[in-house]
Amino acid sequence: MTEQLISQTIIPGDIRLLRDLYKRVAELAHDPVMEERRQSWLKLASLERTRPMILAELGGVLDETVPLSSLRCQEEWARDLERGLRTLIFQAEQVGDDFVIEPWINIRWDIDMGDYGVEIKETWADNAGKLASRKWDSPIKDLDRDLDKLRFRELRVNRERTLAWQVFMEEQFGDILPTRIRGSHWWTTGMTMTLLFLVGLDRLMMAMYDNPQGMHRLMAFLRDEFNHFLDWFEREGLLTLNNENDYVGSGSQGYTRELPQPDWQAGDPVRVRDLWGLSESQETVGISPAMFEEFVFQYQVPVIERFGLCYYGCCEPVHKRIEIIKRLPNLRKVSVSPWCDEEYMADALGNDYVYCRKPNPALISTPDWNEDILREDIRRTLQIRGDAPLEFAMKDVHTLSDKPWRLGRWVQLAREV
């Protein structure tokens with residue numbers, strides 16, 4: 001019955017290979033270094049004195065670090081698991097950053113996210129299987145005429161399939177690592193990415209000037225829709241905690257002693273206020289702080305303030321709007337992207353927030369490899385930030401020039417500096 005529900009072909013060789021990989025992950029999870037990292041992340045989130053934390057993401061360079069050609073499983077579902085496990089092992093053994101491996105197998109709820117009632121047609125350029133540019137046809141051509149086409153997303157969960165998959169994973173691998181249902185189903189609450197897809201960048205920029213009332217109507221819809229979205233997850237009991245090695249913000253770990261809230265008891269449904277949330281607005285870097293506050297921030301606040309703790313920012317340079325962002329009562333971590341004024345951000349954040357530094361990924365991506373430049377880049381941030389709460393995240397890396405050792409070497413250099 002379980003195999004029928006999950007509709008997978010089971011090949012004994014795949015199971016044996018996956019079991020060996022899970023055993024290695026279990027060994028890594030119980031390495032004493034993981035506990036030291038946990039405690040350091042907990043101190044950082046509490047703004048206590050601790051060493052700078054270091055992360056290096058593999059997501060954009062899997063074709064170079066864990067290529068499909070390296071996989072040995074036959075069935076697609078098994079290959080997906082294999083790649084995930086090999087990625088964890090590569091991160092621990094070859095990168096050696098402060099990512100923590102927890103001794104669990106996480107299962108996500110099987111959820112259909114629905115749509116906004118309109119079709120967004122995307123076209124990708126051909127780039128020999130690598131990351132490429134894309135364009136899309138935004139369905140909202142006229143704010144006054146087309147807004148009524150939008151609707152709230154109709155969400156559905158397949159509990160039977162999710163639980164059957166958990167039973168299957170428990171039967172096959174539960175003696176190595178226990179399973180649990182855990183994982184988020186969104187990344188950002190910022191809404192401007194959705195706004196961009198619905199309206200288009202040119203139309204978005206002009207509408208704030210030509211049709212401000214229409215823009216306010218659209219942003220109010222997106223605010224209300226996202227709150228409806230969160231309400232559904234909360235009402236259905238599908239939220240899970242993100243206070244461990246969960247990906248939070250735009251490149252951080254979720255470890256904190258402050259979540260869930262003190263009144264939450266183990267076994268209780270998780271609420272939005274028990275979670276970390278992320279807000280950002282990369283798509284509006286071309287507007288003034290005043291326009292950001294009017295057309296974006298005031299609509300983000302009623303969503304992001306529902307969370308227990310907040311991380312703000314991603315690739316956008318937030319230094320020109322940080323004084324607005326600091327009004328968030330639950331703000332704890334702030335992204336300092338390669339385009340930020342580091343000195344200004346260090347002064348603005350002080351000891352009250354975690355300074356989440358994102359070094360420029362071009363430093364490890366281009367054919368030229370210069371360790372003196374890498375050291376100086378890290379040293380400059382350390383000098384600017386001093387002893388205040390600090391984490392590094394080397395992210396948005398889309399090539400290592402076919403030299404997968406570079407991520408681990410960057411981590412070594414950061415630790416040395």
Side-chain angles (χ1 to χ4, degrees), residues 15-46 48-59 61-62 64-66 70-73 80-107 169-170 172-183 240-249 251-257 259 276 354 356 378 389-395 397 400 404-417:
I15 298 297
R16 287 193 298 270
L17 190 148
L18 290 173
R19 284 183 61 82
D20 287 343
L21 293 174
Y22 275 117
K23 288 175 183 176
R24 179 58 184 143
V25 168
E27 292 172 354
L28 293 168
H30 291 98
D31 187 314
V33 73
M34 297 300 170
E35 181 58 25
E36 185 278 327
R37 292 173 185 172
R38 282 188 199 95
Q39 294 305 315
S40 296
W41 281 113
L42 289 168
K43 289 178 182 178
L44 183 69
S46 297
E48 299 173 20
R49 183 76 173 269
T50 191
R51 64 182 177 86
M53 303 303 289
I54 302 169
L55 292 172
E57 291 188 8
L58 276 73
V61 288
L62 287 183
E64 297 175 36
T65 55
V66 189
S70 70
L71 304 183
R72 292 163 49 199
C73 286
D80 289 343
L81 289 177
E82 180 187 0
R83 200 177 204 195
L85 292 167
R86 291 194 186 279
T87 300
L88 278 178
I89 294 168
F90 186 95
Q91 184 126 21
E93 295 181 346
Q94 304 299 321
V95 178
D97 61 354
D98 287 318
F99 182 81
V100 179
I101 297 179
E102 290 286 356
W104 296 92
I105 297 173
N106 290 332
I107 310 293
M169 294 293 288
E170 191 73 41
Q172 301 297 332
F173 313 111
D175 59 320
I176 304 171
L177 288 172
T179 67
R180 62 179 178 178
I181 294 180
R182 190 180 182 99
T240 60
L241 296 176
N242 60 356
N243 60 345
E244 293 179 4
N245 67 342
D246 308 272
Y247 189 98
V248 300
S252 190
Q253 298 263 276
Y255 290 101
T256 176
R257 302 186 189 100
L259 299 175
W276 282 96
V354 180
C356 302
I378 298 161
L390 170 65
E391 67 182 55
F392 288 91
M394 179 60 79
K395 65 186 302 287
V397 183
L400 294 166
W405 52 265
R406 285 184 172 188
L407 274 181
R409 182 58 182 154
W410 175 81
V411 171
Q412 290 177 343
L413 292 171
R415 289 224 169 95
E416 289 172 10
V417 175

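Since the model is a prediction, treat every value here as computed from it, not as a measurement.
Across every non-hydrogen atom of T240 and G183, the tightest pair is OG1-N, 2.9 Å. The nearest pair of heavy atoms linking A393 to G251 is CB-O, 3.5 Å. The minimum heavy-atom distance linking P103 with R38 is given by the pair CD-NH2, 4.1 Å.
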| Are I378 and E416 close enough, and set up right, to give a side chain to side chain contact (heavy atoms under 4.5 Å, CB included), and what steps lead you there? | CA-CA 10 Å; I378 298 161; E416 289 172 10; over 6 Å; no
| request: Begin from the C-alpha positions of R182 and D246 and carry the test side chain to side chain contact (heavy atoms under 4.5 Å, CB included) through to its verdict. | output: CA-CA 9 Å; R182 190 180 182 99; D246 308 272; 2.9 Å; yes
| message | Assess the residue pair L58 and V95 against the criterion (side chain to side chain contact (heavy atoms under 4.5 Å, CB included)); give the C-alpha distance rounded to whole Å, side-chain angles, the decisive distance to 0.1 Å, and a yes or no. | response | CA-CA 9 Å; L58 276 73; V95 178; 3.9 Å; yes
| said: Does Y255 form a side chain to side chain contact (heavy atoms under 4.5 Å, CB included) with M53? I'd like the steps, not just the answer. | reply: CA-CA 12 Å; Y255 290 101; M53 303 303 289; over 6 Å; no
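Heavy atoms of other residues, nucleotides or ligands lying less than 6.0 angstrom from CZ of R72 number 12 at most. Annotation for R257: atom CZ counts as buried by contact number, over 12 foreign heavy atoms lying within 6.0 Å.
Taken to the nearest 0.5 Å, the CG atom of L85 stands 10.5 Å off from the CG atom of L71. For the atom pair CD (E36) and CH2 (W41), the distance works out to 11.0 Å, reported to the nearest 0.5 Å. Summarising the geometry, atom CG belonging to L18 is positioned 9.5 Å from atom CD belonging to Q172; distances are rounded to the nearest 0.5 Å.
Using a 4.5 Å cut-off on side-chain heavy atoms (C-beta onward), T65 and L400 make contact. In this structure, R16 and R19 have side chains that are not in contact, with every pair of non-hydrogen atoms separated by 4.5 Å or more. Residues L55 and Q253 form a side-chain contact, since some pair of their non-hydrogen atoms from C-beta on lies under 4.5 Å apart. Side-chain contact between V397 and E57 is absent, with no heavy-atom pair separated by less than 4.5 Å. Side-chain contact check for Q94 versus P404: every heavy-atom pair is 4.5 Å or farther apart.
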Please output the side-chain donor-acceptor pairs of residues 405-413 that fall under 3.5 Å, not counting sequence neighbours, one pair per line with the distance.
from : atom 1 : to   : atom 2 : distance (Å)
R406 : NH1    : I364 : O      : 2.9
R406 : NH1    : T366 : O      : 2.8
R406 : NH2    : T366 : O      : 3.3
R406 : NH2    : P367 : O      : 3.1
R409 : NE     : E371 : OE2    : 2.9
R409 : NH1    : Q412 : OE1    : 3.0
R409 : NH2    : E371 : OE1    : 2.9

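The main-chain N or O of L259 is found under 3.5 Å from a side-chain atom of N243 such that the two form a donor-acceptor pair.
Residues satisfying the ring-ring contact (aromatic ring centres under 6.0 Å, His included) criterion with Y22, sequence neighbours excluded, are F173. With sequence neighbours excluded, no residue satisfies side-chain hydrogen bond (donor to acceptor under 3.5 Å, both in side chains) with T87.
Under the 4.0 Å criterion applied to side-chain N and carboxylate O atoms, R180 and E102 are not assigned as salt-bridge partners. Electrostatic pairing of D98 and R51 counts as a salt bridge here, judged by a charged N lying under 4.0 Å from a carboxylate O.
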